[in-house]
2 protein chains.
Amino acid sequence: MTISTKAEEGAPLLSTTPGFEPDGDGGCPIREVLDRVGDTWSILVIFNLQEHPLRFNALRRCIEGISQRMLTVTLRSLERDGLVARRVKPVSPPEVEYSLTELGASLAGPIDALGSWGARHRAALRAARAAFDAG
Amino acid sequence: MTISTKAEEGAPLLSTTPGFEPDGDGGCPIREVLDRVGDTWSILVIFNLQEHPLRFNALRRCIEGISQRMLTVTLRSLERDGLVARRVKPVSPPEVEYSLTELGASLAGPIDALGSWGARHRAALRAARAAFDAG
DNA sequence: CGGCATCCCAGAAGATACTG
DNA sequence: CAGTATCTTCTGGGATGCCG
């Protein structure tokens, strides 16, 4: 696939849920969310942008294990959905700053809920897993 | 990979985040959550179990597009992490009922937050995408 | 009915090299 | 610095068949 910025004719680019409901809107809203941020990296990117905007490589350093390519792809996808804004400062060498849009910031709430749930139940999760693997 | 129920020696089974931080616990809790339910189907399964327990095929019918295999794999993973409980009624033909554990039910809150965010901003998401693709 | 095992493939993601 | 292009690798997941 040629990565086109303009994603001709509804190219998925990043899509988790199989292509059901072409664009009908009866489906459960969870699907809608997961289709947009349900991939491997999107949530982590949004999470790391909520404090303050970050430049490309700074963001990259925050998200351990993400490749340059995947960060680019993920950012494009988030930009496309209006969750992240991209701002280029016309200097040399170029500076590109990524920030959450208002829409993106509003998603940070639910994401934090997930995060704090994880923090609260981290021990329980590990215990459950250990018990299951032992038993 | 041979799918072993007992997952010898920490086999990922379903893992999104690459294998950093073997089991240190300094990482951000988001990673912890995503490692467990960050895959394609887990969230949808939990979401569909929150009303009431469901049997295998009933659950399958709720989640459009999921294959039998993936439902099995996903349920095992959730069971392993103590989010879903599996109850077999010893009748013939066998009845297997899946329900959320207390831990799983506690995760339904954050998931719902995501869902209602999706419901609220569905239009905005589509508008943003359309604008980006047009522009 | 509720699985597990096998085969197989598309698409996700890594590595590397090159540009404005 | 912030990408893009290309090539390759890896693995999620579909299809199918068999079993208790």
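Residue numbers start from 1 in every chain, and the chains themselves are labelled A, B, ... in the order their sequence lines are given, proteins ahead of strands.
- With rounding to the nearest 0.5 angstrom, the CD1 atom of A:Ile111 is 4.0 Å from the CD1 atom of A:Ile43.
- Atom-to-atom, CG of B:Leu71 to P of D:dA15 comes out at 15 Å; the value is rounded to the nearest Å.
- Between B:Arg55 and B:Glu97, none of the side-chain N atoms (NZ, or NE/NH1/NH2) sits under 4.0 Å from a carboxylate O, so this pair counts as no salt bridge.
- Each end of the helix from C:dC1-D:dG20 to C:dG20-D:dC1 gets its own axis from five base pairs, and the two axes differ in direction by 50°, given to 10 degrees.
- Although no hydrogens or angles enter the test, the distance criterion places no donor-acceptor pair under 3.5 Å between the side chain of A:Thr74 and the main chain of A:Leu71.
- Regarding B:Phe56, its CZ atom lies at a distance of 5 Å from the P atom of C:dG3, rounded to whole Å.
- Rounded to whole Å, the distance from CE on A:Met70 to P on D:dA2 is 18 Å.
- Regarding B:Glu95, its CD atom lies at a distance of 8 Å from the P atom of C:dG2, rounded to whole Å.
- B:Arg60 comes within 4.0 angstrom of nothing in the nucleic acid, heavy atoms only.
- Side-chain contact between A:Arg61 and A:Asn57: present, with at least one pair of heavy atoms (C-beta onward) separated by less than 4.5 Å.
- Between the P atom of D:dG14 and the CD1 atom of B:Ile66 lies a distance of 8 Å, rounded to the nearest Å.
- B:Ser77 contributes atom OG, which lies 14.5 Å from atom CH2 of B:Trp41 (distance to the nearest 0.5 angstrom).
- Between B:Arg76 and C:dG3, a side-chain N or O to OP1/OP2 separation shorter than 4.0 Å is present.
- Between the side chain of B:Arg60 and the main chain of B:Ile66, a donor-acceptor pair closer than 3.5 Å is present.
- Rounded to whole angstrom, the span from the CD atom of A:Glu97 across to the C1' atom of D:dA2 amounts to 14 Å.
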Walk me through it: do A:Ser116 and A:Arg120 pass the test side-chain contact (heavy atoms from CB on, under 4.5 Å)? CA-CA 6 Å; A:Ser116 62; A:Arg120 268 198 306 280; 3.9 Å; yes
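- A:Val88 and A:Val91 end up in different hydrophobic clusters when Ile, Leu, Val, Met, Phe, Trp and Tyr side chains are linked at under 4.5 Å.
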Using a 4.0 Å heavy-atom cut-off, write out nucleotides 15-20 of chain C from 5' to 3' as B (base contacted by protein), S (sugar-phosphate only) or - (no contact). B-B--B
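- Note: A:Glu79 CD to A:Thr72 OG1 = 11.5 Å, rounded to the nearest 0.5 Å.
- For A:Tyr98 and D:dG3, the shortest distance from a side-chain N or O to OP1 or OP2 is below 4.0 Å.
- Between the CG atom of A:Asp39 and the C1' atom of D:dT11 there is a distance of 16 Å, rounded to whole Å.
- D:dA2 atom C1' lies 12 Å from atom CG of A:Leu59, rounded to whole Å.
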